[in-house]
Amino acid sequence: MNRLPRSFFDRPTLQVAQELLGKILVIGKTSGRINEVEAYIGEGDPACHAARGQTERNRVMYGKPGRLYVYFTYGMYHCANIVTEREGFPAAVLIRSIEPLTGIEIMEKRRGKNDHLADGPGKLCIALGMDKKGHNGVDLCESGENTVVDDGFRPSIIKKSRRIGISAGKNKWWRFYY
DNA sequence: GTCCCGATTCTA
DNA sequence: AGAATCGGGACT
């Protein structure tokens, strides 16, 4: 059960995204295995929030790798990313789905008893209790409370596709899942 | 200040 | 297919 070091995230985003599959995201007393992610890479990626430069919202994407970038969308949901690559270069991996592992009763309390507790970017934020106010900018490489853990699990096959829900940048196959 | 729309989810 | 719901960013 090793906690991922900052050096894990300080690498090319496509590599980090694929290697994040199977790892365990721990947020407080809840955790789940990451099984779907998407990469958003730099100001040259039209689907990336940094496509038009730095703003207040996307500020943490420009910061240290290994921190959470959580933003509010559609007036009612949050999405959570983990920042990648060197400080100053805006990139991150969107966590799109997890398989609940611990704290399932807590998740059920937040989401309602349900077979789809955390299989979506908005749903997993609710299940794990993440929001912009409490988690945007939180460092996953410093404490054990919020972190990413490798328990040795490796997906047997990694599939890829175009990213979901975007209007620009549809040509890039930067969604990974297993 | 105003306007448009979104890295979604749930219901029908 | 359509609604819910509101903050951010572009633009007047």
Side-chain angles (χ1 to χ4, degrees), chain A residues 9 11-21 23 25 27 30 32-85 89-100 104 106-138 140 146 148 158-178:
Chain A
F9 303 100
R11 295 183 299 153
T13 306
L14 292 179
Q15 190 176 349
V16 176
Q18 291 172 80
E19 291 186 26
L20 229 26
L21 291 174
K23 302 297 188 292
L25 176 61
I27 302 294
T30 55
R33 195 180 303 283
I34 298 167
N35 53 30
E36 182 185 347
V37 299
E38 280 175 2
Y40 289 87
I41 310 174
E43 298 181 344
D45 173 7
C48 182
H49 284 172
R52 283 162 210 166
Q54 185 172 348
T55 64
E56 178 55 31
R57 178 177 63 157
N58 65 31
R59 193 180 71 252
V60 314
M61 281 182 92
Y62 285 78
K64 278 194 298 190
R67 300 205 302 179
L68 283 173
Y69 166 46
V70 181
Y71 67 91
F72 184 67
T73 189
Y74 287 106
M76 59 184 100
Y77 296 110
H78 289 274
C79 289
N81 301 250
I82 304 176
V83 175
T84 58
E85 312 215 22
F89 184 86
V93 174
L94 170 70
I95 310 300
R96 286 195 60 88
S97 175
I98 64 169
E99 171 202 348
I104 292 179
I106 298 173
M107 298 190 205
E108 287 178 337
K109 198 168 184 177
R110 291 168 174 159
R111 286 266 311 138
K113 201 164 167 61
N114 182 344
D115 285 336
H116 301 276
L117 283 179
D119 58 350
K123 289 186 254 185
L124 72 87
C125 279
I126 297 171
L128 298 177
M130 286 192 288
D131 61 22
K132 177 174 178 171
K133 197 171 165 188
H135 297 80
N136 189 38
V138 162
L140 297 174
N146 303 300
V148 185
I158 294 177
K159 299 187 252 189
K160 67 176 178 177
S161 81
R162 299 167 197 272
R163 293 173 291 180
I164 292 182
I166 56 172
S167 56
K170 288 178 174 168
N171 55 320
K172 296 179 167 43
W173 290 50
W174 287 354
R175 169 175 175 251
F176 305 98
Y177 59 105
Y178 67 87

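Bear in mind that the values here come from a model prediction, so they are computed numbers and not experimental data. Throughout, a chain's letter reflects where its sequence line sits, starting with A, and its residues are numbered from 1.
Considering only residues two or more places apart in sequence or on other chains, A/Arg162 meets the salt bridge (Lys or Arg N to Asp or Glu O under 4.0 Å) condition with none of them. Qualifying salt bridge (Lys or Arg N to Asp or Glu O under 4.0 Å) partners for A/Lys113, counting only residues two or more places apart in sequence or in other chains: A/Glu108. Not counting sequence neighbours, A/Arg110 has no partner by the side chain to side chain donor-acceptor pair (under 3.5 Å) test. Partners of A/Lys23 by side chain to side chain donor-acceptor pair (under 3.5 Å), not counting sequence neighbours: none found. A/Glu43 is linked by a salt bridge (Lys or Arg N to Asp or Glu O under 4.0 Å) to nothing, counting only residues two or more places apart in sequence or in another chain. Remark: A/Glu85 pairs with no residue by the salt bridge (Lys or Arg N to Asp or Glu O under 4.0 Å) rule, at least two apart or across chains.
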Would you give me the side-chain donor-acceptor pairs under 3.5 Å for residues 63-80 of chain A, sequence neighbours excluded?
residue: A/Tyr69; atom: OH; partner: A/His49; partner atom: ND1; Å: 2.6
residue: A/His78; atom: ND1; partner: A/Lys132; partner atom: N; Å: 3.3

Solution key, residues 171-178 of chain A side-chain donor-acceptor pairs under 3.5 Å, sequence neighbours excluded:
residue: A/Arg175; atom: NE; partner: A/Glu36; partner atom: OE2; Å: 2.8
residue: A/Arg175; atom: NH1; partner: A/Ser161; partner atom: OG; Å: 3.0
residue: A/Arg175; atom: NH2; partner: A/Glu36; partner atom: OE2; Å: 3.2

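Between A/Ile34 atom CD1 and A/Leu25 atom CG the span is 5.0 Å, to the nearest 0.5 Å.
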*Quick one, give me the B/S/- string for nucleotides 4-12 of chain B, reading 5' to 3', where B means a protein heavy atom under 4.0 Å from the base and S means that only happens at the primed atoms, P, OP1 or OP2.*
--BBBSS--

_Dot-bracket summary - DNA chain C, pairs being Watson-Crick or G-U whose distances fall under 3.5 Å, with | when paired to another strand_ = ||||.||||||.

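Nucleotides of DNA chain C lying under 4.0 Å from heavy atoms of chain A occupy a range whose first and last members, 5' to 3', are C/dA4 to C/dA10.
The stretch residues 51-61 of chain A participates, sequence neighbours left out, in these side chain to side chain donor-acceptor pair (under 3.5 Å) pairs: A/Thr55-A/Asn58, A/Glu56-A/Arg59.
Nucleic acid contact class of A/Lys170 (heavy atoms, under 4.0 Å, all strands): none.
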